[in-house]
Q: 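Let me give you the structure first, and then I'll get to my questions.
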Amino acid sequence: MLNASYWLTNVKLEQGYIMEDGQVAGTNTEICHIRIENGVIAEIIGTELELQSTLPKYDCKALLLLPSFEEAHIHLDKTYFDGPWKAVKHVSSIFERIEEEKVLLPKLLPRAKQQAESILTLIQGFGATHVRSHCNIEPVSGLNRLEATKQAFNTFSGKMSSEIVAFPQHGLLRSQSVQLVKQSLAEGATHVGGVDPHTVDGDIEKSLQAMVELAVGANAGIDIHLHDGNEAGKQTLIRLVDLIEEAGLQGKVTVSHAFWFAGARPEEAEEVAGRMASLGMTIASTVPIGRMMMPLPMLYSQGVKVKLATDSLTDHWSPFGNGDQLDKAGRFAELYGYNDERSLSQSLGFITGGKTPLNSEGEQVWPKVGDAASFVLVHASCSAEAIARRSERQAVWYEGRLVSGSL
């Protein structure tokens, strides 16, 4: 815990791109001193000025400062993490997995808070200071998992910001969870969730209508799991866009996964992406590889907000996921050929809520005086190296408070 007012000395900040033959060939950096005051950046000065101050000083030893990370989609409330290793069982459909889950959830519940806290400790160590967690809301769990998730976030009060999606994993309509979701929104959930209105709920229109009505009624956002491809996936997206426009939910809706885009014809995908962008919609993606590889660069270029995410960190749905957002950004860069200095450094924005030290023209845009003092100290020479090499994190701050690591 640092004082309310202090200096971070000898911090490496990016200043601009180095150009050679019309191409970005590297990144210019400068060693600076930064004064933190009541959770925000109050002053940034170069090291050529002698620091005349009685405030405490903490030497950052020329480590690179990056904006802290955002975990856009994780399931904290049902996990094998911090317990014995277990791979997934083979199932033939989402319904078999749901039936397995109904038996498993009560067994996992007693340790839900503790395991959620273990995951939060892990991902904060990697640099995350904002977390959106999906939380099972269905008849098997009632609101018990919401309570466990809220308690875990409460343990991290003042150390990170958070959002909770009321996620009807067993189908909003199929498991008759509308009332439970409504109740969860009154008790701390910030977003209405949903899953595959066609496949799971069996009625795209009724399922989406119910989600939108819940969101409007509670002045909440929406974050829907959409795995459906082909015509069902397309119809779900198009109808969701129409309903969002009608309901005035611009800027408040995320589609998680959105796998329809992975198999869609490019011109159709671009058209739907354009409509989503016009409504300020977001896509949260785990950067899947293989046949579900998503056209994330296209979505971003069309103006859709793209956020990278962990999803599950070893559970009965998937044994993969390490919770490291910098690693996720590195996978994104590898998959889409972002291997030059500019594109590597700009891909940082997919895990920071859009913040990058330099904009695509190479102008220094972060940090600025008045910005929240939420950042990560990294063992790297620049953003591009940090992403390509998944550089070691030394320390993490949230609103002026050192929350992980040490100097």
Side-chain angles (χ1 to χ4, degrees), residues 68-79 81 101 105 108-109 111-124 128-172 175 177-195 210-226 249 251-257 282-284 286 305 307-313 315 317 321 323 325 353 398:
S68 60
F69 308 151
E70 178 182 326
E71 172 54 75
H73 180 129
I74 197 166
H75 294 263
L76 296 174
D77 67 308
K78 50 180 186 184
T79 180
F81 185 74
E101 182 168 294
L105 287 175
L108 293 174
L109 184 62
R111 295 192 66 233
K113 172 180 176 280
Q114 179 191 328
Q115 288 175 296
E117 288 172 354
S118 295
I119 292 175
L120 290 173
T121 299
L122 177 82
I123 66 177
Q124 182 137 83
T129 61
H130 179 77
V131 177
R132 177 180 289 189
S133 180
H134 292 252
C135 177
N136 260 48
I137 305 291
E138 23 67 22
V140 176
S141 303
L143 300 187
N144 291 326
R145 313 194 89 76
L146 175 66
E147 191 54 39
T149 304
K150 280 164 55 181
Q151 287 173 7
F153 277 134
N154 199 44
T155 303
F156 283 75
S157 177
K159 296 181 177 182
M160 63 170 55
S161 53
S162 62
E163 298 168 305
I164 299 175
V165 182
F167 176 45
Q169 173 73 80
H170 305 162
L172 182 63
S175 64
S177 295
V178 171
Q179 206 51 42
L180 276 174
V181 170
K182 186 175 184 179
Q183 203 178 332
S184 71
L185 292 165
E187 295 188 24
T190 56
H191 289 70
V192 177
V195 59
M211 276 177 239
V212 169
E213 282 169 23
L214 284 163
V216 170
N219 192 25
I222 292 174
D223 191 333
I224 175 178
H225 283 62
L226 185 58
L249 288 170
K252 297 177 76 170
V253 179
T254 296
V255 182
S256 289
H257 310 311
T282 299
I283 281 185
T286 61
K305 291 177 192 141
K307 297 187 177 186
L308 309 186
T310 295
D311 197 7
S312 55
L313 202 145
D315 64 9
W317 293 85
Q325 286 296 83
Y398 174 69

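As a basis for the values below, the full set of heavy atoms in this structure was taken, side chains included, without hydrogen atoms, waters or symmetry mates. The chain is numbered in sequence order, starting from 1. In this text the structure is predicted, and so the values were computed from the model without any measurement.
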Q: side-chain contact (heavy atoms from CB on, under 4.5 Å), that's the test. Do His257 and His73 meet it? Break it down for me.
A: CA-CA 10 Å; His257 310 311; His73 180 129; 3.9 Å; yes
Q: In chain order, what residues pass the side chain to side chain contact (heavy atoms under 4.5 Å, CB included) check against Thr121, with sequence neighbours excluded?
A: Phe156
Q: Can you see which heavy atom on Leu76 is nearest to which on Ala116, and at what distance?
A: O-CB, 3.6 Å
Q: With sequence neighbours left out, write down each residue that passes ring-ring contact (aromatic ring centres under 6.0 Å, His included) with His170, or none if nothing qualifies.
A: none
Q: Can you pull out every salt bridge (charged side-chain N to carboxylate O under 4.0 Å, His left out) where at least one residue sits in residues 158-168? Sequence neighbours excluded, please.
A: Arg132-Glu163
Q: Is a side-chain donor-acceptor pair under 3.5 Å present for His75 with Ser312?
A: no
Q: Is the backbone N or O of Ile164 less than 3.5 Å from a side-chain atom of Thr190, with the two atoms forming a donor-acceptor pair by type?
A: yes
Q: Return the set of residues passing side-chain hydrogen bond (donor to acceptor under 3.5 Å, both in side chains) with Thr129 (not counting sequence neighbours), or none when no residue passes.
A: Ser68
Q: Applying side chain to side chain contact (heavy atoms under 4.5 Å, CB included), name anything that partners Ser118, two or more places apart in sequence or on another chain.
A: Phe81, Asp82
Q: Taking side chain as C-beta onward, heavy atoms only, is Ile222 less than 4.5 Å from Lys252?
A: no
Q: Taking all heavy atoms of Val195 and all of Pro168, pick out the closest pair and write down the distance.
A: CG1-O, 3.5 Å
Q: Can you list the residues that meet the salt bridge (charged side-chain N to carboxylate O under 4.0 Å, His left out) rule with Lys113, with sequence neighbours excluded?
A: Glu117
Q: Among residues at least two apart in sequence or on other chains, which ones pass side-chain hydrogen bond (donor to acceptor under 3.5 Å, both in side chains) with Ser175?
A: Ser177
Q: Which pairs would a plain distance check flag for residues 139-148, meaning a side-chain donor or acceptor within less than 3.5 Å of a matching protein atom at least two apart in sequence or in another chain?
A:
{"from": "Ser141", "atom 1": "OG", "to": "Glu138", "atom 2": "OE1", "distance (Å)": "3.4"}
{"from": "Ser141", "atom 1": "OG", "to": "Glu138", "atom 2": "OE2", "distance (Å)": "2.7"}
{"from": "Asn144", "atom 1": "ND2", "to": "Ser141", "atom 2": "O", "distance (Å)": "3.3"}
{"from": "Arg145", "atom 1": "NE", "to": "Asp77", "atom 2": "O", "distance (Å)": "3.3"}
{"from": "Arg145", "atom 1": "NE", "to": "Asp77", "atom 2": "OD2", "distance (Å)": "3.2"}
{"from": "Arg145", "atom 1": "NH1", "to": "Leu105", "atom 2": "O", "distance (Å)": "3.3"}
{"from": "Arg145", "atom 1": "NH2", "to": "Asp77", "atom 2": "O", "distance (Å)": "2.8"}
{"from": "Glu147", "atom 1": "OE2", "to": "Gln151", "atom 2": "NE2", "distance (Å)": "3.3"}

Q: Can you name the residues that form a ring-ring contact (aromatic ring centres under 6.0 Å, His included) with His191, not counting sequence neighbours?
A: none
Q: Report the residues that fulfil side chain to side chain contact (heavy atoms under 4.5 Å, CB included) with Thr282, sequence neighbours left out, ordered by chain and then residue number.
A: Thr254, Lys305, Lys307
Q: What residues, two or more places apart in sequence or in another chain, satisfy side chain to side chain contact (heavy atoms under 4.5 Å, CB included) together with Thr310?
A: Glu71, Ile74, Leu313, Gln325
